[in-house]
Amino acid sequence: MTSKNRQLSRRTLLTAALSGAVVSVAGHGLFTGVASAAPGRKTLVIGSVDRWGNGIVQLADPSLTGESTIVAVNSQPNGVVGSPDGLRAYVATAFEPGLTVVDVDAAKVTGEIAVGGFANEVLVSPDGKVVYVATGSSGADGSSGHVAVVDAATGDVRARIKAGPLPRSLALTPDGTQLFVGDERVKGVTIIDTAKNAVAGSFRTEKQVLELAVDPKGKNLYAASLRELVTFDLRGGKVGSTELEGLPCGLAVHPDGTLAVVSLYTGRNTDAQLVTVNIASNKVRTKEPNGKANGPLTMSKDGDRAFVLDEKNRKVTSADTATGKPDKSLSTPNSNTPTCVAFVESA
């Protein structure tokens, strides 16, 4: 795993100070191993970018109170995920090398891995040993549209799997054996056998897939498309669908498998919606206005809270999944535009 020290720019520090943002600036260092964290330490990791293209991740308390810590990354963060043990955050960035590793407790970059440019979503296998990154270009051989398979221990790229022109959304089965890939330019889903690191099949969809999720029991795949949340079995057979009132920008499934949470863009002059869907009945359970928070979302490990990005107002909102009502918010430092978010809890 290659590593590099990165300092926060004077411009970033100055704008943070002038904006009155409450942040502490953490040092950066070479990878020296990650110490164990106290069990149950909870962190909300928020990726954002400033007007000059400088990327950061903000490490915040999920209560959206108190002080945040900021860590600079090499460009706009497009996706972020925590390791199963909660010690690391993996950040997919717009520009190469494409994958940045952050020590959550030390609040520093510990490595950068060359997976290619235009990295979108990133996922980690359930055992924490493999990181999957959907990228738009490899950089090495000029090809486009692949999923990079990264050894989490060494940083080595084990494989680059062709999975459409521009892979965007990813979903893993709970046992980690199947990876589903949605593409921005293709109406369909690619299925990857993770044991072989090879495409095992694909299936067509009626619309372009914008977001993907698998239920905790590994029975169904959920695909969010324009005005619709579709339920498929793991072979691509359509099981059911739920009508939505806009463009899905975020999707998460509750850990108990009872509901899905979707953030919706409904139009320039209308409020975003935060929708919860009863998975068993394919019926909308709650539907709440959420200002302009129509961006990506994540859910707490216990499923009690959903966190949704508001790109226009430069903040993240928090909602109770039982009622679906947003009730808290936290602004990003420097009036940055938030781009991705993940909930990380130490084991």
Side-chain angles (χ1 to χ4, degrees), residues 1 3 23-24 26-29 31-48 56-73 77-93 99-113 121-133 150-155 170-176 213-214 216 250 252-256 261 296-309 316 318 321 330 338-347:
M1 180 182 297
S3 304
V23 296
S24 62
H28 296 257
F31 177 74
T32 56
V34 180
S36 297
R41 184 266 295 127
K42 302 173 183 178
T43 305
L44 194 66
V45 183
I46 308 160
S48 65
I56 65 169
V57 290
Q58 177 182 1
L59 307 177
D61 190 287
S63 67
L64 304 188
T65 61
E67 183 178 291
S68 295
T69 302
I70 57 175
V71 181
V73 293
N78 285 337
V80 61
V81 68
S83 59
D85 59 13
L87 300 181
R88 296 180 178 88
Y90 297 96
V91 185
T93 57
L99 182 64
T100 298
V101 186
V102 175
D103 180 327
V104 175
D105 288 294
K108 67 180 182 181
V109 171
T110 59
E112 292 180 319
I113 302 167
E121 194 160 333
V122 56
L123 286 183
V124 183
S125 62
D127 61 9
K129 295 181 179 180
V130 183
V131 183
Y132 301 97
V133 189
V150 180
D151 186 311
T154 65
L170 301 174
L172 262 173
T173 53
D175 62 7
V214 175
V253 176
H254 196 282
D256 67 10
V261 181
L297 66 80
T298 191
M299 192 180 291
S300 59
K301 191 173 181 179
D302 59 15
D304 289 347
R305 307 293 300 184
F307 303 90
V308 191
L309 299 186
V316 57
S318 175
T321 57
L330 174 70
T339 54
C340 54
V341 61
F343 182 92
V344 181
E345 183 172 345
S346 57

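Just so we're clear, the structure is a prediction, and the values are computed from it rather than from any experiment.
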Does the side chain of [Y] come within less than 4.5 Å of [X]'s, by heavy atoms?
{"X": "Leu44", "Y": "Gln58", "result": "no"}
{"X": "Phe343", "Y": "Lys301", "result": "yes"}
{"X": "Pro338", "Y": "Val316", "result": "no"}
{"X": "Leu330", "Y": "Ser68", "result": "yes"}
{"X": "Met299", "Y": "Pro255", "result": "yes"}
{"X": "Val45", "Y": "Thr298", "result": "no"}
{"X": "Val214", "Y": "Val253", "result": "no"}

Test your reading of the model: is there a side-chain donor-acceptor pair from [X] to the backbone of [Y], 3.5 Å cut-off?
{"X": "Ser346", "Y": "Asp85", "result": "no"}
{"X": "Ser125", "Y": "Val130", "result": "yes"}
{"X": "Thr339", "Y": "Pro77", "result": "yes"}
{"X": "Ser300", "Y": "Arg305", "result": "yes"}

Taking all non-hydrogen atoms of both residues, which atom of [X] and which atom of [Y] are closest, and how far apart?
{"X": "Val80", "Y": "Ala89", "answer": "CG2-CB, 4.3 Å"}
{"X": "Asp105", "Y": "Asp103", "answer": "N-OD1, 3.1 Å"}
{"X": "Lys129", "Y": "Asp127", "answer": "N-OD1, 3.0 Å"}
{"X": "Tyr90", "Y": "Val122", "answer": "O-CG1, 3.6 Å"}

Discussion item. Against Thr43, only a single residue in Thr69, Val104, Asp61 fulfils side-chain contact (heavy atoms from CB on, under 4.5 Å); can you say which?
Written reply: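 Running side-chain contact (heavy atoms from CB on, under 4.5 Å) over Thr69, Val104, Asp61 with Thr43 returns exactly one hit, Val104.
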
